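Can you keep this structure in mind? I'll have questions shortly.
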Protein chains: 4
Amino acid sequence: MSTIPPRLTRAEQRERTREKLLDAAADAFAEHGFEGASIDDIAARAGFTRGAFYSNFADKTELLVTLCDRRIAGFAHFELPRILAIPEEQRLAAVARWLAAEAPPLELLLVLELARQRGQSPDTAAALDRVVDRLLAGIEQLLAIGGEGLADLPDAEREVRARAVLAAVAGTNLLDHLGVDADARVIELLLAGIADPATSATGAGSAHGSHA
Amino acid sequence: MSTIPPRLTRAEQRERTREKLLDAAADAFAEHGFEGASIDDIAARAGFTRGAFYSNFADKTELLVTLCDRRIAGFAHFELPRILAIPEEQRLAAVARWLAAEAPPLELLLVLELARQRGQSPDTAAALDRVVDRLLAGIEQLLAIGGEGLADLPDAEREVRARAVLAAVAGTNLLDHLGVDADARVIELLLAGIADPATSATGAGSAHGSHA
Amino acid sequence: MSTIPPRLTRAEQRERTREKLLDAAADAFAEHGFEGASIDDIAARAGFTRGAFYSNFADKTELLVTLCDRRIAGFAHFELPRILAIPEEQRLAAVARWLAAEAPPLELLLVLELARQRGQSPDTAAALDRVVDRLLAGIEQLLAIGGEGLADLPDAEREVRARAVLAAVAGTNLLDHLGVDADARVIELLLAGIADPATSATGAGSAHGSHA
Amino acid sequence: MSTIPPRLTRAEQRERTREKLLDAAADAFAEHGFEGASIDDIAARAGFTRGAFYSNFADKTELLVTLCDRRIAGFAHFELPRILAIPEEQRLAAVARWLAAEAPPLELLLVLELARQRGQSPDTAAALDRVVDRLLAGIEQLLAIGGEGLADLPDAEREVRARAVLAAVAGTNLLDHLGVDADARVIELLLAGIADPATSATGAGSAHGSHA
DNA sequence: GATGAATGAGCATTCATTCAT
DNA sequence: AATGAATGAATGCTCATTCAT
């Protein structure tokens, strides 16, 4: 009836609906897991009915893929540049603070669900690879530009350390879900070895020249 | 009248069935998650039908609880004493090797599933608390007797480090499931800071000055 | 853009589906009892699949509750006024005829099933009370306006007679299910004493002197 | 180990077990219906496990058949002779009292379950016929010897009245299960017409010459 | 685009029944 | 005769998905 042009175009409206559904899904997945979350619940959390969901996503797996993709893109396009822009001497502290944040944009348990659905479709498998690759690449960038001598490490070493950071993030994430407090001190302990260019490569437990 | 006594008594036979079902469940949960794993699949993997399952467990949640309980008991009664018996200078290496093992007895993602089912019943909630408590207590023991000066740390500090170790184990676990290689080198990097009694508490990333 | 309006609105369509399911359920319950009737069977009898059932009722018990409620409402709103409108001298005959009808709207065995499910939920218990109360209230109305001196009976006496009528209806109902013919003559014999205002209260079997 | 002869022979012991199971079944059926009662529950109520059940009955239907048979036999061999032995003038009162008893040996709802299982096997169908026939025959006997002029009624009329009595018993039974009080006064009202040889056969409600 | 009635595959769970003990 | 572990058919129910509105 009204002829007043809508504030939001069709596309914007649609995007807003998608965003609400994705946020709702993230909550539902965190609470019940991918299998345990129902589409009705997700739609209801977003303030819609299941019809809205199917207008925007082909199925639950596509929702998961989209969600993971957006989160990793958010990391690559927003978090990462922001951190890289921080002066070198405060950078590691910033990273630690970011890791300790309540809901970091990298819900790694989400990626775990993606890994479990890997067999569902080629798209899903591709999405998993994409997400993990971008994740590790982003972390490697952080380390490459990171001060304190990390820039001088050989590529292979930096790649290993990126995986270690990912493990630290993942572990922190999991602890949170287990109800165990993963505070700044815990993160600091986990990152200490990784951030020290001198941590030796000669064997476990030898981090500080203990076998001298 | 009586025939030759059977090799296995009824109770033994039953226990063997339970064990098989528990092992099968661990596999199925790792592959599809708690919600995603079907009882039919679990029973079939164990070589039984669903009836055998219900003859041994009240429901799927009880299976999960039992599984977590057994794994943590296995850790406390077998793994922990074994590691503690290792001479001090090889201990950290042994821990690292143990963490890197394919299927360490602490499937922490299992405990995550338990956390998600917490609301199911008081038993489930209690089981979660029990498991997490024993887990942290075991790790603290390890650290207390651990060489390299860790024994001298104040209790509070050791407690924080126990949580950090748990995060390291959890992260390693998750990486494995994500298809990212969490090899000995990664574990070494994660543990380096934790194992160094001197890792300072003054801020993230300050580890590099600790061995000066 | 819009096509010709449908003959039935969505709500009407839904109501029609519910009605069909309720009728099918009445048949299935009469044949196999509440526990013995399967939802698949009920849905199939109504020409639907089980999904339609769960789209309209929360569970089997709610179906039973709804069914009993509708039957008693049908009795109160349709049968009762119809009978009360009949001229006094033909009324008892009409009641008898109604009782003898193949499927009177008061399937009392249905209410028996409700009684057995009483513990299921507060709703179920409330429904049982509601149904029995309305049933007795309706019968009392019948007796109050009934001719032949019943109108002059004290309230307590009329209440007892209402219960006797209910027993007669129930008995007739059960006989039918047992394969024993409960024809008009049987009903007449059962109602004779109840309908006679003079039936004494001094002991069983004393009716024969009442018309002296 | 013990050589002392058992007080009960094997057969007696077996019979005692059967009896306990039958009584337990009667309770369970009354509470949950035939379909709703589980064999485990029945066995447990009797103080046994399901194995004892299967040592004594082929299946649940056979249990029901046996139960109905025993109850009707009990009626024919114990209740009926006892009532027939009562002096004529107190007999109807005795019948009324018997009907009002808490748990008359004729649980007609049990017979209803039998009717529902009729299709199960020829044995079941035969049992149903047997039970209903003996029931009606017993009641006819009561009426035939009954005083107050009933003895002079033609056979066909007595047969109709037997059915009416059965309906009265059934109705009373059902009322009890519905939580409606079916006291002596209710029974008296139901039996009044049946017991009066003069209740006319010309139409409903005409019991007392109302159409004169 | 969104709704919600209906579908139907899938799943947890119950339970009658069997059989080795 | 009784036990209880295991079976497997049956059933209530959930939920992803479709489609007419």
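Naming: A, B, ... by sequence-line order, numbering from 1 per chain. Given the structure is predicted, the values throughout are model-derived calculations rather than measurements.
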(request) Round to the nearest Å and state the distance from Gln117(D) atom CD to dA16(E) atom C1'. (result)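 Atom CD in Gln117(D) sits about 13 Å away from atom C1' in dA16(E).
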(message) Rounded to whole Å, how long is the line connecting atom OH of Tyr54(C) with atom P of dT11(F)?
(response)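 Going from OH in Tyr54(C) over to P in dT11(F) covers 12 Å.
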(message) Show the nearest heavy-atom pair for residues Thr66(C) and Phe57(C), with the distance to one decimal.
(response)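 Smallest interatomic distance, heavy atoms only, reads OG1-CE2, 3.9 Å.
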(request) Assess whether one donor atom and one acceptor atom, taken from the side chain of Arg50(B) and the base of dT13(E), lie less than 3.5 Å apart. (result)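 A donor-acceptor contact between them is present.
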(request) List the atom of Leu21(A), the atom of Ala52(A), and the distance in Å for their closest heavy-atom pair. (result)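 It is CD1-O, 4.0 Å.
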(message) What's the closest nucleotide to the side chain of Ser55(A) if the choices are dT3(E), dT14(E), dT7(E)?
(response)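 Comparing dT3(E), dT14(E), dT7(E) against the side chain of Ser55(A), the answer is dT3(E).
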(request) Write down the partner of dT7(F) under the Watson-Crick or G-U wobble criteria, each distance required to be under 3.5 Å. (result)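 Result: dA16(E).
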(request) In whole angstrom, give the distance that lies between atom CG of Asn56(C) and atom C1' of dT7(E). (result)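 Distance, rounded to whole Å: 13 Å.
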(request) Using atom CG of Asp59(D) as one end and atom P of dA9(F) as the other, report the distance to the nearest whole Å. (result)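 Nearest whole value for this atom pair: 18 Å.
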(message) I'd like to know if the side chain of Lys60(A) and the backbone of Ala37(A) have a donor-acceptor N/O pair within less than 3.5 Å.
(response)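 It does hold such a pair.
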(request) Mind calculating the distance between CD (Glu15(B)) and P (dA5(F)) to the nearest angstrom? (result)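 Computing the Glu15(B):CD to dA5(F):P distance gives 12 Å.
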(request) Side chain of Ile39(D) only, please: which of dA16(E), dA2(F), dG12(F) is the nearest? (result)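 Closest of the options to the side chain of Ile39(D): dA16(E).
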(request) Let me know the distance between CG of Asp41(B) and C1' of dA12(E), rounded to the nearest Å. (result)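 After rounding, the reported distance stands at 14 Å.
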(message) Would the distance check show the side chain of Arg71(D) and the main-chain N or O of Glu107(D) forming a donor-acceptor pair, the cut-off being under 3.5 Å?
(response)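 Flag not set: sc Arg71(D) to bb Glu107(D) has no pair under 3.5 Å.
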(request) Examine dT7(E): is either OP1 or OP2 under 4.0 Å from a nitrogen or oxygen in the side chain of Thr49(C)? Give yes or no. (result)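 Yes, Thr49(C) has a side-chain N/O under 4.0 Å of OP1/OP2 on dT7(E).
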(request) For Ser38(A), report the nucleic acid contact type (base, sugar-phosphate, nothing); a contact means any heavy atom under 4.0 Å. (result)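 Sugar-phosphate only.
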(request) Could you pick out which residue, Asp40(C) or Ala58(A), lies toward the 5' side of DNA chain F when each is mapped onto its nearest nucleotide? (result)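 Looking at the nearest nucleotide for each, Asp40(C) comes out on the 5' side.
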(request) Check if the side chain of Arg18(A) and the base of dG1(E) share a donor-acceptor pair of N or O atoms closer than 3.5 Å. (result)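 Counting by modelled atom types and ignoring angles, no donor-acceptor contact under 3.5 Å is found here.
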(message) dA5(F), OP1 or OP2 - any side-chain N/O from Thr17(B) closer than 4.0 Å?
(response)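 Checking dA5(F) against Thr17(B), no side-chain N or O comes under 4.0 Å of OP1 or OP2.
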(request) Using whole Å, report how far CZ of Phe53(C) lies from C1' of dC13(F). (result)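 Atom-to-atom, Phe53(C) to dC13(F), this comes out as 10 Å.
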(request) If dA2(E) has a Watson-Crick or G-U wobble mate with both distances under 3.5 Å, name it; if not, just say none. (result)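 The base-pairing partner of dA2(E), which may sit in any strand shown, is dT21(F).
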(message) In this structure, how many angstroms lie between the P atom of dC13(F) and the CG atom of Leu63(C), rounded?
(response)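 Going from CG in Leu63(C) over to P in dC13(F) covers 11 Å.
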(message) Once you apply a heavy-atom cut-off of 4.0 Å, does Ala37(C) come out as touching a base, just sugar-phosphate, or nothing?
(response)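 Sugar-phosphate: the residue Ala37(C), judged by heavy atoms under 4.0 Å, touches backbone atoms but no base.
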(request) Mark yes or no for a side-chain to base donor-acceptor pair under 3.5 Å between Arg10(C) and dT3(E), with no hydrogen or angle criteria applied. (result)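 Yes, a donor-acceptor pair under 3.5 Å.
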(request) Assign Arg14(A) to base, sugar-phosphate, or nothing according to its heavy-atom contacts below 4.0 angstrom with the strands shown. (result)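 Sugar-phosphate: the residue Arg14(A), judged by heavy atoms under 4.0 Å, touches backbone atoms but no base.
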(message) Between Phe34(C) and Gln117(C), is there a side-chain heavy-atom distance shorter than 4.5 Å?
(response)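 With C-beta onward as the side chain, the pair touches.
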(request) May I ask you to test the Arg14(C)-Glu19(C) pair for a side-chain heavy-atom distance under 4.5 Å? (result)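 Result no, sub-4.5 Å side-chain heavy-atom pair not found.
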(message) On DNA chain E, does the nearest nucleotide to Lys60(D) precede the nearest nucleotide to Lys60(B) from the 5' side, or the other way round? Give the residue.
(response)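 Nearest nucleotide further toward 5': that of Lys60(B).
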(request) Just call it for Phe48(B): base, sugar-phosphate, or nothing, with non-hydrogen atoms closer than 4.0 Å on any strand. (result)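 Sugar-phosphate, backbone atoms only, no base.
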